[in-house]
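Data block below; observations after.
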Amino acid sequence: MEHKLQPESLMMSHGYKPELSEGAIKAPIFQTSTFAFKSAEAGKAFFEVAYGLRQKDQDEELGLIYSRINNPNLEILENRLCLWDKSDDSAVFESGMSAISTVLLEFLNPGDLLLYSSPTYGGTDHFINYFLKKIGVQTISFRPDQSKEEIIEMIKGTNNSANLSTIYIETPSNPTNDLIDIVMCREIADYFSTDEKRVVLAVDNTYMGPMWSSPLQHGADLVIYSATKYIGGHSDLIAGAVLGNFELIKRVKTLRTFLGNMASPHTCWLLLRSLETLKVRMEQQTKNAQEVALFLEKRPNVKKIMFLGSLKKDTKAYSIYKKQYSAPGAMISFEIKGGEKEAFHFLNHLKLIKLAVSLGSTESLAEHPASMTHAGVDPEVKAQMGISDSLVRLSIGVENSQDLIWDIKQALEATY
Ligand SMILES: *Cc1c(COP(=O)(O)O)cnc(C)c1O
C-alpha cells in the first residue's frame, strides 16, 4: 500500500546510503577537500555538468569533484532540508549572511531596484544600504503597515520600476514581531513582472521556519535561513540556507561555487544531527513561549507584549498570522515599565536565562535590542519601529516552562 512518509520520519535517513559508508548508520564526516575520479573521462563529464557546459543526462550518476563544489555531507543535508519546505533544491552556506548576500548578488545588477521590508536583520540592512548602494543598486524599503497600493505607488515613484528585479522580505520582523503578507508581496512582484523578467520574491524565514511557516506555499520564490538559529538549534555553529526551484537554486549554487562560501563538511554534519530533533525542539519551544507569554501578560510591570500568540483578533496582523503561520513561534519581546535602567536590571538578574544575542537555540536567551542587536539603527527609525529603551527580547528554549517563569518572575521582582 502506498504510504507517504512525513519529514520527521525521513530526517534520520533521507539522502544517505549506509552501504556506501561501510554500513555506518549515520553519515560519517567526509573531511576531504577533493575526490578521486575513476577515469579522466569521468572527471571531464562531472566538470561539464558542474560548470553548466551541458545538462545532466536523465540517468547519469554524477560523482564528486572538490568540496567547494560538492561534498557528501553538503549534499545529504541539502536533500533533507528540502523536505520541510517542500522545495526542489537547497543551497547551504557558511552563514546566514553569506546565504543572504549571495542571493542578493545573484539576482541584482547595477541599476536594478530592490524593494525590501523594514525593519530587517541588522546585517542584511547593512549589506543592502552600504554594499549594494556602492555597486549601483537602487534600494527602497516599506513598512509592515503600508498597503499594497501604497507600495506600488512608491515603486513607480522611483522612476526605475522597470528595473525592479528583487523583493526581499523578513517576516516576522526582528525584534518587534511585525508581520508582512507574503501573498501581497507576490502580487506586487507579479504586477512588475513581464514575459521577459520575473521579479524574484525572497523571504527570510529564520524566525518561523521551517516548522511554523512555508513561504514557498504562499508564492515566495526563495526561502532563506540563518541555520545558526532554529535549524542548528544548539548555539554551536554558524550556517545559512536558501531553498527554491531547481532553476533558481542552480544560479545560487553557481555563484556560491565562485564565492566559495559553502558550509564545511563538519558544519553540515552537525546540521544533519540537528535536523533529527528540529520538530520536537520547535514544538516544545513554542509551547513554552505560549506559557511564558501568558505569564508576562498578567504582570503589572510589563507594559506591552509583542508575541504572535498575543495578537488582538480584529487586527490586520492577526489575519496575516492565521493565513501564514501554524504556531506563534518562540520569540517574545516586551516593554518593561521604565527605561534602559529597569531593562538592564531585569537582564542582569536573570539566573537561568542567559544574556546573549542570537535565538532559536535549546537554551533561552534574553537581550536588549536598542543597545545590542539594533544598536546601529538610526534613532528615529528605532522609535518608528517601536524599539524603545524599555524593550527586552526573549528567545525561548526547551527548558521546563515553570523554571523559565520562575526566573522571569524573580528577575522582575528584583527590579522593582
Ligand atoms: C541571525 C540572522 C541572520 C544572519 O544569520 P548568520 O547566521 O548570523 O549569518 C539573518 N536573518 C535573521 C532573521 C537572523 O536572525
Side-chain angles (χ1 to χ4, degrees), residues 77 81 85 90-105 116-132 141 144 168-180 182 202-213 215 220 222-243 252 256 259-264 266-268 270-271 274 282 285 289 306 308 324-325 329-333 356-361 363-369 372-377 385 387 393-397:
L77 172 63
L81 206 50
D85 278 296
S90 78
V92 175
F93 289 82
E94 64 185 352
S95 70
M97 276 316 302
S98 57
I100 293 164
S101 54
T102 303
V103 162
L104 293 173
L105 284 172
Y116 69 99
S117 64
S118 174
T120 186
Y121 180 73
T124 310
D125 193 79
H126 186 93
F127 187 79
I128 289 172
N129 287 302
Y130 291 86
F131 187 77
L132 289 180
S141 65
Y168 180 94
I169 62 172
E170 187 180 313
T171 176
S173 71
N174 173 7
T176 50
N177 272 328
D178 285 307
L179 299 180
I180 308 269
I182 298 170
V203 179
D204 182 334
N205 196 33
T206 298
Y207 253 52
M208 297 299 274
M211 219 49 70
W212 305 314
S213 179
L222 293 168
V223 180
I224 304 180
Y225 291 107
S226 166
T228 310
K229 315 295 166 56
Y230 289 98
I231 295 174
H234 295 72
S235 298
D236 57 5
L237 61 85
I238 300 277
V242 185
L243 291 82
V252 172
R256 183 185 66 178
L259 292 176
N261 52 0
M262 71 295 152
S264 73
H266 184 237
T267 297
C268 294
L270 284 169
L271 285 167
S274 291
M282 289 182 80
Q285 284 172 279
M306 300 164 181
L308 299 186
Q324 234 161 257
Y325 305 104
M331 294 299 296
I332 303 174
S333 290
V357 299
S358 198
L359 60 104
S361 183
E363 76 282 322
S364 296
L365 300 176
E367 66 116 2
H368 186 247
M372 296 171 191
T373 44
H374 295 70
V377 180
M385 282 161 38
I387 305 174
R393 189 188 80 178
L394 300 175
S395 167
I396 302 296

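Just follow the structure's listing: the first ligand is 1, and inside any ligand the first atom is 1.
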For Ile100, the atoms of ligand 1 under 4.0 Å from one of its heavy atoms are 10 (C)
(request) Say whether Ile224 and ligand 1 are in contact under the criterion: heavy-atom distance to a ligand atom below 4.0 Å. (result) no
Under 4.0 Å from one or more heavy atoms of Lys229, ligand 1 contributes atoms 1 (C), 2 (C), 3 (C), 14 (C), 15 (O)
Counting heavy atoms under 4.0 Å, the part of Ser358 that contacts ligand 1 is neither
- May I ask you to check whether Ser235 and Glu363 show a side-chain donor-acceptor distance below 3.5 Å? yes
Contacts of Ser333 meeting side-chain hydrogen bond (donor to acceptor under 3.5 Å, both in side chains) (sequence neighbours excluded), chain-then-number -> none
For His368, the ring pair (Phe, Tyr, Trp, His ring centres under 6.0 Å) test, sequence neighbours excluded, returns Phe344
Looking only at protein heavy atoms, what sits closest to atom 9 (O) of ligand 1 is Met97 N, 2.8 Å
If we number the atoms of ligand 1 from 1 as shown, the ones under 4.0 Å from a heavy atom of Thr228 are 6 (P), 7 (O)
A student checking ligand 1 against Ala239 at a 4.0 Å heavy-atom cut-off should list atoms 7 (O)
So the atoms of ligand 1 within less than 4.0 Å of a heavy atom of Ser226 turn out to be 1 (C), 2 (C), 3 (C), 4 (C), 5 (O), 6 (P), 7 (O)
Note: ligand 1 atoms sitting under 4.0 Å from heavy atoms of Gly96 are 5 (O), 6 (P), 7 (O), 9 (O)
Rounding to 0.5 Å, atoms OG (Ser364) and CD1 (Ile332) come to a distance of 9.0 Å
Quick note on ligand 1: atoms under 4.0 Å from a heavy atom of Glu170 include exactly 13 (C)
Between Pro210 and the options Val223, Leu243, Ile231, Leu81, the side-chain contact (heavy atoms from CB on, under 4.5 Å) test singles out Ile231
**Message:** Would you say that Tyr121 contacts Ser226 through its side chain, given a criterion of any heavy-atom pair below 4.5 Å between the two side chains?
**Reply:** no
Only residue of Leu308, Val203, Thr171 satisfying side-chain contact (heavy atoms from CB on, under 4.5 Å) with Met208 is Leu308
In terms of its nearest heavy atom to atom 11 (N) of ligand 1, the top option of Asp204, Thr206, Ile231 is Asp204
among protein heavy atoms, the one nearest atom 4 (C) of ligand 1 is Tyr121 CE2, 3.3 Å
Pair Asp204-Tyr116, side-chain donor/acceptor within less than 3.5 Å: no
